[in-house]
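What follows is a single structure, written as structure tokens, with notes after it.
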Amino acid sequence: MSGIQKIGLFDSGLGGLTVLSALNKILPGVPKVYYGDTLHLPYGDKSDAAIIGYSTSIVQFLKDEGCQLIVIACNSASAAAGKALVEQFPELTFINVIDPVVDYLAGLPPQKVGLLGTRATVRSGAYSSKLASVTSAVNLQALATPLLVPLIEDGFLGTGIETNVLEHYLKDPSMSGITALVPGCTHYPLLEEAATSLLKGVQWVDAPAIVAKEVAEHWSGEGSAEDVFYLSDRTDNFLRLAKTTFGIDADWELKLLQE
Ligand code: DGL
């Protein structure tokens, strides 16, 4: 393990790369280690116990790699495992992807805001309960949209199919009258074009930028290095999408932490 301080990020797959990309805009060159748990994707359909188990193994690995600041770059893991991770690793600093967005929403004028997320995130009620503890002015309505992650991970972005599926979800009565929409899954920022074409005049909340700003405020390390990438299962499809969607043409090292 080198003595350089590093930021660790993890997600079930590609989604956390939306946070990594936003982070690279404001903290370029800062050493980062990214772990994509593709073997266990999607997290959003797993139990809290399973998500806690996967997340704990990953954080232990990132810690062993020298990461002191961990970005839980997955809403499902933030919702299901965030508290357990903070308790299990008191020596590390954690940034989850929910709290900074809740703080941002709390500063908005009174309005109805929609949030799309995985089943695990919506089931947790994490966004609504955290927001309700600071304001009652913003009416947040969360909707589980489980088909969207598989569509993105299977490379359906840009086919129009993702727009049709999103349109179906946005017809849910809970989304009627919203004036802002939160991508409450780190995969969903990739749907910005589709969402804004369907919801004219509705603000698309730039969640990765909000989270990246929070990370930068907690980062005091020095030194620079290339980002390092790990996967629990490596497929040609994943490597292709990482390259075409995020321009990441790295060596993704296979690192199985848990069957
Ligand atoms: N990107 C993740 C999230 O923010 C997980 C998606 C999934 O694996 O279901 O929830």
Flag side-chain contact, heavy atom, 4.5 Å: Leu23 against Leu9: yes
Are the aromatic rings of Tyr43 and Tyr54 close, with centres under 6.0 Å apart? yes
Side chains of Asn75 and Asn96, donor plus acceptor under 3.5 Å: no
Distance-only side-chain donor-acceptor flag, Glu162 / Asn164, under 3.5 Å: no
Can you see whether Ser76 engages Thr118 through a side-chain donor-acceptor pair at a distance of less than 3.5 angstrom? yes
Side-chain contact test, heavy atoms from C-beta onward, threshold under 4.5 Å: evaluate it for Leu254 versus Leu256 and give yes or no. no
Close side-chain approach of Ile72 to Leu85, heavy-atom, < 4.5 Å: yes
Could Glu226 and Lys32 be called an ion pair, given the rule that one side-chain N must be under 4.0 Å from one carboxylate O? no
Between Tyr188 and Thr145, is a side chain to side chain donor-acceptor pair (under 3.5 Å) present by the stated rule, with each step listed? CA-CA 10 Å; Tyr188 299 175; Thr145 51; 2.8 Å; yes
Checking Thr159 side chain against Phe156 main chain: does a donor-acceptor pair fall under 3.5 Å? yes
What about the rings of Tyr230 and Phe61, do their centers lie closer together than 6.0 Å? yes
Validation row: Leu105, Leu140 side chains within 4.5 angstrom (heavy atoms): yes
Point-to-point distance, once rounded to the nearest 0.5 Å, from CG of Leu170 to CD1 of Ile178: 6.5 Å
Regarding Asp233 and Thr38, do their side chains bring together a donor and an acceptor under 3.5 Å, going by distance alone? no
Any donor and acceptor pair, going by atom type alone, linking the side chain of Glu65 with main-chain N or O of Lys63 inside 3.5 Å? no
Any Lys/Arg nitrogen of Asp103 or Lys130 sitting under 4.0 Å from an Asp/Glu carboxylate oxygen of the other? no
Ignoring hydrogens and geometry beyond distance, is a side-chain donor-acceptor pair present between Asn237 and Thr235 at under 3.5 Å? no
